[in-house]
Amino acid sequence: MLKRTHMATEITPQMAGQRVVLNGWVDTRRDHGGLIFVDLRDGSGLVQLVFSPEVNQEAFTTGEQLRGEHVIGASGLVRIRPEDTENPNLKTGLIEVYVDQVEVFNRAQTPPFYIEDNIDVDEMLRMRYRYLDLRRPEMRKNLVLRHQVTQALREFLDERGFLEIETPMLTRSTPEGARDYLVPSRVHPGEFFALPQSPQIFKQILMVAGMEKYFQVARCFRDEDLRADRQPEFTQLDIEMSFIEEEDIFQLVEDMLAHIFKQGMNRDIQTPFRRLTYQEAMRLYGSDRPDLRFGWEIVDLTEIVREVEFKVFSGAIKAGGVVRGLNARTCGSFSRKEIDDLTELALDWGARGLAWINVTTEGLKSPITKFFSDEAMNQILSALKAEPGDLLLFCADQEDVVARVLGNLRLELGRRLHLADEDALELVWITDFPLLEYDEDQKRYVAVHHPFTSPREEDISRLESEPLQVRARAYDLVLNGTELGGGSIRIHRRELQERMFAVLGLTPEEVADKFGFMLEAFEYGTPPHGGIAFGMDRMLMLMAGRESIRDVIAFPKTQRAACPMTAAPSPVADKQLQELGIRLRVKGVPKQ
RNA sequence: GGAGCCGUAGUGUAGUGGUGUAACAUGUCGGCCUGUCAAGCCGAAGAUCGCGGGUUCAAAUCCCGUCGGCUCCGCCA
């Protein structure tokens with residue numbers, strides 16, 4: 001075998017005259033009849049090979065047979081390219097290799113799509129031939145970035161005394177949270193393991209075990225519907241520490257992200273990060289993961305319009321709601337149709353309508369101005385800092401609806417007007433989340449974060465009396481409007497954890513059955529502890545500048561949670577089901 | 001569970017409101033060609049228009065259903 005002496009892009013002009021052996025794939029071939037150029041691609045990049053009968057007739061004859069993606073070994077001398085034939089687009093564009101010996105390791109079928117960047121093909125085809133898709137430089141680059149960032153994280157945490165500890169993939173199903181992926185147990189017929197939604201309970205138990213500083217690059221599984229940023233299996237950087245408070249987590253994470261953004265992207269990010277309470281974020285941006293790359297803050301007008309004649313506003317307030325406005329700067333030029341489009345969107349998001357005022361140099365144009373006194377209108381204009389050319393948008397309803405509608409309008413207009421600086425990295429901590437919310441479907445309280453999150457000390461007394469008023473010691477980290485990670489200080493006393501379960505409507509029997517081992521562990525000397533988990537795929541997607549996490553995952557699944565390459569999932573043999581004691585209620589259909 | 005967009009040679013598209021031997025680019029195959037790097041020139045092959053049904057004298061085109069891909073809502077402690 002012609003064994004490689006150099007990677008393609010290691011060859012430099014200084015090596016002229018030297019013999020090299022290269023291994024790789026034929027990227028493109030340009031056959032001039034009497035002279036053949038082949039771009040050879042390996043893991044490092046491209047280099048041009050030259051096949052000429054004057055150099056070696058046999059190699060030239062083989063060169064004529066080469067086709068795209070054939071796998072070859074080539075031996076030859078490095079030459080400086082003749083003047084005016086240099087290629088500035090190639091790292092190796094000053095040189096070429098005159099091949100005098102070539103070995104075809106393997107021929108290749110014509111690939112179903114081009115092995116190059118920026119292709120526009122059906123994504124299913126890319127997934128079905130993922131091994132070809134990953135040959136494309138941009139996809140390779142993403143996996144390299146993923147490796148580098150993961151390495152940098154391990155290094156960083158190791159230096160600070162963290163232990164990387166693996167937790168089970170086969171664990172037990174718990175009642176709260178997402179739908180579990182289940183794995184039947186052969187040894188215990190009729191019983192199932194669940195794949196972990198996160199290592200949450202195990203990492204807390206590790207704190208009980210005195211590990212004090214833990215981390216894991218952990219695969220997590222959730223059987224919910226997919227999105228561009230959601231896959232059924234995904235990777236979290238999971239961290240937990242003992243004897244710490246919120247500030248310790250913030251400090252660690254800010255240092256850590258500064259480190260990996262430098263390592264992975266050569267970007268400097270400013271620390272400490274901004275902080276907003278959940279309340280502030282919802283009030284100003286209508287979202288608990290605000291995109292702070294542009295301003296456009298939402299303005300509360302409730303007090304100004306409480307007594308106005310306009311029933312849509314005053315009525316909403318009487319019903320316990322709020323009125324807020326958004327100044328869509330420069331959107332005064334919007335046509336009636338564009339405003340109708342925005343109204344349509346607002347209705348989708350739950351609004352009952354969208355009031356608007358067009359501020360022009362000739363005055364206000366709007367269907368609603370007639371309901372306002374001059375004084376009230378002036379207060380509104382002043383509160384929204386309205387200037388000619390602006391379009392003012394208003395929403396009146398219950399607070400959560402108003403926040404959602406105006407928050408989404410803000411984002412939608414931000415996208416349309418390209419308000420966000422594409423290069424900006426706006427990181428912000430969101431703190432003081434509510435501990436609980438009421439689930440109308442289940443008719444009970446559910447944890448906003450998870451059931452192990454500690455309430456704030458001063459709110460604990462209200463846990464049973466005013467559950468919705470209790471604030472959690474939870475925090476999220478948001479980058480450019482995407483939730484990167486979240487965590488909390490945990491409950492570490494049995495008594496409080498039991499109260500929490502009770503508020504969530506779990507019976508003592510359920511608690512004993514599902515979480516008895518955890519409560520028991522808490523009785524054996526549990527330190528105060530807390531942690532955080534990051535969605536690695538999302539973080540890498542943002543770092544790589546991609547729009548889907550599928551592009552930073554080697555073998556992702558389609559929106560229907562299937563793998564086109566392996567054709568998983570698939571029916572299984574009756575014998576396998578028998579061993580597991582499983583009878584199907586639906587007929588397993590053989591795939592094509 | 002719901003909404004939207006899409007499905008035509010290997011690939012990307014055009015054609016779509018009734019007449020086509022289904023067009024273009026690129027790739028593939030063959031020929032020519034000694035400085036290309038998206039090589040060039042000449043030629044050829046390649047599509048039951050996702051699948052099933054319906055309407056019609058006639059369907060890629062209209063209707064119904066279905067499958068698949070993507071985006072979003074619900075869901076994702």
Side-chain angles (χ1 to χ4, degrees), chain A residues 27-40 46-55 60 64 67-69 79 81-90 92-93 96 98 109-129 132 174-180 197-198 200-201 220-232 234 344-345 348-350 404 408 412 433 435-437 439-442 444-453 472 474 483 486 488 500-501 504 506 533 535 547-548 550 557-560 562 564 589 591-592:
Chain A
D27 194 72
T28 52
R29 188 184 70 117
R30 294 174 292 280
D31 185 347
H32 288 234
L35 193 68
I36 301 167
F37 300 98
V38 167
D39 288 339
L40 185 83
L46 298 179
V47 68
Q48 176 164 282
L49 308 180
V50 184
F51 293 80
S52 164
E54 291 162 16
V55 174
F60 178 77
E64 286 182 311
R67 294 294 182 274
E69 301 310 310
R79 296 279 174 84
R81 289 196 187 192
E83 206 169 329
D84 293 333
T85 66
E86 300 90 352
N87 183 351
N89 300 319
L90 283 188
T92 55
E96 56 198 4
Y98 278 64
Q109 301 252 28
T110 302
F113 49 80
Y114 302 109
I115 310 297
E116 63 187 31
D117 286 350
N118 300 314
I119 56 170
D120 177 27
V121 286
D122 184 35
E123 197 168 344
M124 177 149 103
L125 201 64
R126 291 173 50 202
M127 285 193 219
R128 181 161 166 216
Y129 299 95
L132 298 178
T174 52
E176 300 284 306
R179 198 176 290 117
D180 284 320
Q197 296 178 25
S198 87
Q200 184 60 36
I201 292 175
C220 304
F221 303 85
R222 294 177 191 174
D223 187 4
E224 298 292 347
D225 287 347
L226 285 74
R227 290 283 190 284
D229 62 354
R230 276 164 33 190
Q231 284 271 303
F234 59 100
E344 192 72 29
L345 287 170
D348 278 352
W349 293 319
R404 181 168 67 239
N408 279 319
E412 175 63 24
F433 278 83
L435 185 70
L436 298 157
E437 61 191 346
D439 185 320
E440 290 293 344
D441 294 336
Q442 300 183 58
R444 67 175 184 99
Y445 293 103
V446 295
V448 170
H449 191 57
H450 59 52
F452 315 110
T453 296
E483 182 196 326
S488 62
M500 181 70 180
F501 284 141
L504 293 174
L506 293 169
E547 288 188 351
S548 160
R550 295 186 296 273
K557 294 187 173 48
T558 65
Q559 194 167 45
R560 288 193 65 249
V589 263
K591 299 209 167 166
Q592 40 97 21

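Nothing here was measured: the structure is a model prediction, and the numbers come from that model. Chain identifiers are assigned alphabetically (A, B, ...) following the order of the sequence lines, protein sequences preceding nucleic acid strands; residue numbering begins at 1 within each chain.
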Please give, in whole Å, the distance from [N] [atom2] to [X] [atom1]?
X      : N     : atom1 : atom2 : value
A:D229 : B:U71 : CG    : P     : 9 Å
A:D225 : B:C70 : CG    : C1'   : 14 Å
A:R128 : B:G50 : CZ    : P     : 18 Å
A:E440 : B:G74 : CD    : P     : 15 Å
A:L226 : B:C70 : CG    : P     : 9 Å
A:E176 : B:C75 : CD    : P     : 15 Å
A:L345 : B:A3  : CG    : P     : 18 Å
A:E123 : B:C70 : CD    : P     : 6 Å

*Side-chain contact, heavy-atom cut-off 4.5 Å: A:F452 with A:I201?*
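Yes; the side chains approach each other to less than 4.5 Å.
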
*With a 4.5 Å heavy-atom cut-off, do A:H32 and A:F37 have their side chains touching?*
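Heavy-atom side-chain distance check passes, below 4.5 Å.
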
*Report, as a single string ordered 5' to 3', how protein heavy atoms within less than 4.0 Å touch nucleotides 29-39 of chain B: B base, S sugar-phosphate only, - not at all.*
SS--BBBBB-B

*Evaluate salt bridge (charged side-chain N to carboxylate O under 4.0 Å, His left out) for A:E96 paired with A:R79, printing each intermediate quantity in order.*
CA-CA 6 Å; A:E96 56 198 4; A:R79 296 279 174 84; over 6 Å; no

*Ignoring backbone atoms, establish whether A:R550 has a side-chain N or O less than 4.0 Å from OP1 or OP2 of B:U71.*
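A:R550 to B:U71 OP1/OP2: side-chain N or O found under 4.0 Å.
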
*Does a nitrogen or oxygen in the side chain of A:R227 sit under 4.0 Å from OP1 or OP2 of B:C73?*
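Yes, within the criterion.
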
Please name all residues satisfying side-chain hydrogen bond (donor to acceptor under 3.5 Å, both in side chains) with [X], sequence neighbours left out, ordered by chain then number.
X     : answer
A:R29 : A:D31
A:R67 : none
A:T28 : A:R30, A:D39

*Under 3.5 Å, is there an N or O donor on one side and an acceptor on the other linking the side chain of A:R222 and the base of B:C76?*
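No.
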
Please list, chain by chain and in numerical order, all residues satisfying side-chain contact (heavy atoms from CB on, under 4.5 Å) with [X], sequence neighbours excluded.
X      : result
A:P88  : none
A:E483 : A:R289, A:D476, A:R538
A:E54  : A:S52

Return the nucleotide paired to [N]: Watson-Crick means purine N1 to pyrimidine N3 with N6-O4 or O6-N4, wobble means G-U with N1-O2 and O6-N3, both under 3.5 Å.
N     : value
B:A60 : none
B:C70 : B:G4
B:G12 : B:C24

Using atom [atom1] in both nucleotides, what's the gap between [N] and [M] to the nearest angstrom?
N     : M     : atom1 : result
B:C24 : B:A9  : P     : 15 Å
B:C57 : B:G65 : P     : 24 Å
B:G35 : B:G50 : C1'   : 46 Å
B:G46 : B:U21 : C1'   : 16 Å
B:U26 : B:C72 : C1'   : 33 Å
B:C6  : B:A14 : C1'   : 16 Å
B:A47 : B:A23 : P     : 12 Å
B:A25 : B:C64 : P     : 36 Å

*So A:Q48 and A:N87, side-chain contact (heavy atoms from CB on, under 4.5 Å) or not? Walk me through it.*
CA-CA 10 Å; A:Q48 176 164 282; A:N87 183 351; over 6 Å; no

*asked:* Both A:Q442 and A:K557 contact RNA chain B. Taking the nearest nucleotide for each, which residue is further toward the 5' end?
replied: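 Per heavy-atom nearest nucleotide, the more 5' residue is A:K557.
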
*Determine the contact category for A:M127: base if any of its heavy atoms lies under 4.0 Å from a base atom, sugar-phosphate if only primed atoms, P, OP1 or OP2 are that close, otherwise nothing.*
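Sugar-phosphate contact only - A:M127 comes under 4.0 Å of backbone atoms but never of a base.
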
*Quick one: salt bridge (charged side-chain N to carboxylate O under 4.0 Å, His left out) pairs with a partner in residues 112-125 of chain A, sequence neighbours left out?*
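Residue pairs with at least one partner in residues 112-125 of chain A: A:E123-A:R550.
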
Show me the protein contacts with nucleotides 9-12 of chain B, counting only N or O atoms at under 3.5 Å.
from  : atom 1 : to     : atom 2 : distance (Å)
B:G10 : O2'    : A:P112 : O      : 3.4
B:U11 : O4'    : A:P112 : O      : 3.3
B:G12 : OP1    : A:D122 : N      : 3.0

